Amino acid sequence: METSVTPTHCPYCALQCGMNLTPVAGGGVTVSERVDFPVNRGALCGKGRTAPALLSPALRLTEPLVRRDGVLVPASWEEALDRVAEGLTRTRTEHGPDACGVFGGGGLTNEKAYALGKFARVVLQTSQIDYNGRFCMSSAAAAGNKAFGIDRGLPFPMEDIPKTGCVILVGSNLAETMPPALRYFAELKENGGTLIVIDPRRTRTAEQADLHLAPRPGTDLALALGLLHLIVSQGRTDEAFIEERTSGWEETRAAAMAHWPEYVERITGVPVPQLREAVRMFCEPSAAMVLTARGPEQQSKGTDTVGAWINLCLATGRSGRPYSGYGCLTGQGNGQGGREHGQKADQLPGYRKLTDPEARRHVAGVWGVDPDSLPGPGLSAYELLDALGSDIRSLLLMGSNPVVSAPRAAHIQQRLESLDFLAVADVVLSETAALADVVLPVTQWAEETGTTTNLEGRVLLRRQAVTPPDGVRSDLYVLHQLAARAGVEKGFPVDPEEVFEELRRASAGGIADYSGITYRRLAEENGVFWPCPALEEREDGRDVPSQVRDVPSPVKDAQPEARDGQPQVRDDRPLSAPHPGSPRLFLDRFATEDGRARFAPVTYRAIAEEPDAEYPVLLTTGRVVAQYQSGAQTRRVDELNAAAPGPFVELHPRLAARLGAGEGDAIAVVSRRGRAVAPARITTSIRPDTVFMPFHWPGEGRANTLTNPALDPTSRMPEFKACAVRLETVRP
């Protein structure tokens, strides 16, 4: 008998690596290489290879749970759903719609994210919805929107990276966070290009660099400004590009000139000769890129920091040109698509603004509701969690584990415990689900079909390979049933392709336009890059976009500037052909109203909580290769736990000597928010004034017990990457 092979994608990071799944006798699947997918070309990390382990009923939820007499016990789906509906209805009746909160996740498919946002605004009619992607790349999104008029992680495909001359990689340890991506940087060096890595730690990624700069945590903004100062003073700016394709340069140049190299060295700890060498490496080749990750973004000034790195690209003409530009390495599997279609507090599908009357009219028309019935923007993720138990009395949470992942996590745990009602839909009994009044077991990647959008803006089709356990249902089923119990009988289909067809209509004409994408195209073309408007045939036989876009097209050759009120189409495009998608943005113009990129005239400011006599050390946090995010899934896989069994505190030998601590000794890390204890890992790869903790574990070693929820004023991103702590040895 022939065994079927299902081509699909990994459930973890934003690479969304292609893989093949083959069912095995007795249940489950095996993973094999899928070399036809261009992003990973068959390569997989340990997390991807072991992903099928989570399909085992022994490791995941297989029946609903309800709380009786303080204990979670099995229940039927009817009882569980009735309880959720009753809890949310009671809150709306007694306290109003905004007393109901909804919290989503960057791992939800586009269909789920879209349906969750619609459910919040149409069924619950609450403004209080956000998602854990706010903790991921919201600062990069805000800076990208300001500079370019559009937020897409990478404005070019990964395949362009080896073809550039230099990459500055800021605050990313991709050798551990997305290992298959490292090959692109190895190929860059093989082609004669250079790699500059900026990280307070000498990580596995930094070891691959031609130049490693190790700034003090939280000073990336000063570093970028110092590099721009040198670019200006050395006459390395591209004046023609600045004049023709940008605005705001004079103010930005003046701000940068106040950050002379010696001043920047005092702030960052990076020697002036290294600053000069970085400028030389970046400016000498004809093309270069800057890529940021969570390091510069998870700061209370993350938007300004990313804007300062974008300035380097614009000032040197390294944006909107082949093999050049700024990009963000998105973290979560669907961190890109998850914020484009409505589960973010201030957005509607298609990356439309919730405050835009035309956007409200369009989406309300697709949903069949009055635009005035749609609530306005709500609280951002941390603010929403902080309001639990007071302004927000009930919460529906899907695909997130804030007990481990949120900053000031002990406080957030208390807020969750103070709720009148908490319902959690998840694959496993996470630390957050364990607090719930109702837990709903839902399908995961290999048990369902749906789309995700990877870090390139490539929309992908994940395909169902196995049948879920009998007691498991999809998130779409959950929302369909809850909507029906609230009296909304239509508009929440269970079939993901039907949801995607509505998403296409809702996104049409928006910045993130998916209207020209179909499941068939995704299957046949290995993904399609957005924006991809639908095309319709005009009377003269040419294809034109069926929706006039809200912003001028940022895509070369996709939709040139309008003449006489009509969008113009390339003469050589085949008649009746679908829109090809947009792998490369900005080659002709940026997505702003005038087509020009905007400089960010920013100046340095310190982190929200600098070290002092009581808390003299800086803490920074991050990931390890064998675990993922809050670890709710990867901590259940034996092979991954063997590689990374628990938390640790990484510190420099000089700091360890002052403490009298040895390798493996228990170290207490104490901040103004709490205390975490983990074994010491002593290494010269970290700055002497800094300690590092991975954030994948709950309990005593929970790193986010310590982190600072100080928010970026624009993105509302918490400052995960830098806070003041003191260290104590823990004697047996």
Side-chain angles (χ1 to χ4, degrees), residues 64 77-93 97-98 100-102 104 108-129 337-338 340-344 347-350 352 354 358-376 394 396 398-399 423 425 438 440 442-443 448-451 464 472-510 514-515 517-519 534 546-547:
W77 268 96
E78 285 299 309
E79 180 186 357
L81 289 167
D82 285 345
R83 284 204 182 196
V84 176
E86 289 166 5
L88 296 174
T89 299
R90 186 184 315 113
T91 296
R92 291 188 73 234
T93 301
D98 276 354
C100 291
V102 177
L108 300 180
T109 63
N110 290 316
E111 293 81 357
K112 294 177 185 179
Y114 172 83
L116 187 62
K118 181 180 179 182
F119 178 84
R121 295 180 173 106
V122 172
V123 178
L124 297 180
Q125 296 183 311
T126 180
S127 66
Q128 303 303 340
I129 175 172
E340 294 168 1
H341 299 299
Q343 68 171 334
K344 196 174 178 184
Q347 287 176 195
L348 288 170
R352 288 180 160 91
L354 190 53
E358 178 55 29
R360 294 169 66 88
R361 183 202 63 77
H362 173 84
V363 174
V366 174
W367 289 351
V369 299
D370 185 339
D372 292 337
S373 71
L374 298 178
S394 292
L396 173 63
M398 286 186 165
V438 178
L440 303 173
V442 291
T443 50
E448 61 187 10
T449 294
T451 63
Q464 181 178 353
V472 173
R473 304 287 186 271
S474 74
D475 300 84
L476 295 179
Y477 172 86
V478 170
L479 295 174
H480 171 83
Q481 291 291 330
L482 293 179
R485 282 166 169 76
V488 181
E489 299 291 341
K490 296 181 179 180
F492 291 89
V494 174
D495 176 59
E497 187 169 5
E498 188 175 346
V499 177
F500 189 78
E501 287 300 304
E502 182 177 302
L503 182 157
R504 292 176 60 206
R505 298 195 301 275
S507 73
Y514 283 30
S515 61
I517 303 174
T518 64
Y519 271 31
S546 60
Q547 298 284 339

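Note: hydrogens, waters and symmetry copies are ignored here, and every other heavy atom, side chains too, is used. Since this is a predicted model, take the numbers as computed values, not measurements.
- At least one donor-acceptor pair under 3.5 Å links the side chain of Thr449 to the backbone N or O of Gln464.
- Heavy atoms only, all atoms of each residue included: Ser474 and Thr443 are closest at CA-OG1, 3.4 Å.
- There is a side-chain donor-acceptor pair under 3.5 Å between Thr451 and Glu111.
- A heavy-atom distance below 4.5 Å is not found between the side chains of Val478 and Phe492.
- The ring-ring contact (aromatic ring centres under 6.0 Å, His included) test with His341 is passed by exactly one of Tyr114, Phe500, Tyr514: Tyr514.
- A 4.5 Å side-chain heavy-atom check between Arg121 and Ile129 finds at least one atom pair inside the cut-off.
- Side-chain atoms of Arg360 come within 3.5 Å of backbone N or O of Leu354 as a donor-acceptor pair.
- Using a distance-only test at 3.5 Å, with no hydrogens or angles considered, no donor-acceptor pair links the side chain of Arg352 to the main chain of His362.
- Between Glu502 and Lys118, some side-chain heavy-atom pair lies under the 4.5 Å cut-off.
- Across Cys100 and Leu124, no two heavy atoms sit closer than the pair CB-CD1, 4.3 Å.
- The minimum heavy-atom distance between Gly337 and Asn110, with the atom names listed, is CA-OD1, 3.2 Å.
- Listed for the Ser507 side chain is no donor-acceptor partner under 3.5 Å among the backbone atoms of Pro349.
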Could you give me the CA-CA distance, side-chain angles and deciding distance for Glu78 and Arg485, then say whether salt bridge (Lys or Arg N to Asp or Glu O under 4.0 Å) is met? CA-CA 11 Å; Glu78 285 299 309; Arg485 282 166 169 76; 3.0 Å; yes

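- In this structure, Glu448 and Lys112 approach most closely via the heavy-atom pair OE2-NZ, 2.8 Å.
- Contact record, Ala534 with Ser515: N-OG, 2.8 Å, taken as the closest heavy-atom pair.
- Under a cut-off of 6.0 angstrom, the local environment of CZ in Arg83 is crowded, with over 12 non-hydrogen atoms contributed by other residues, nucleotides or ligands.
- Tyr519 places none of its side-chain heavy atoms less than 4.5 Å from the side chain of Glu501.
- The two atoms that bring Leu116 and Gly104 nearest to each other are CD2-CA, 3.8 Å, heavy atoms only.
- A donor-acceptor pair under 3.5 Å is absent between the side-chain atoms of His480 and the main chain of Pro493, judged by distance alone.
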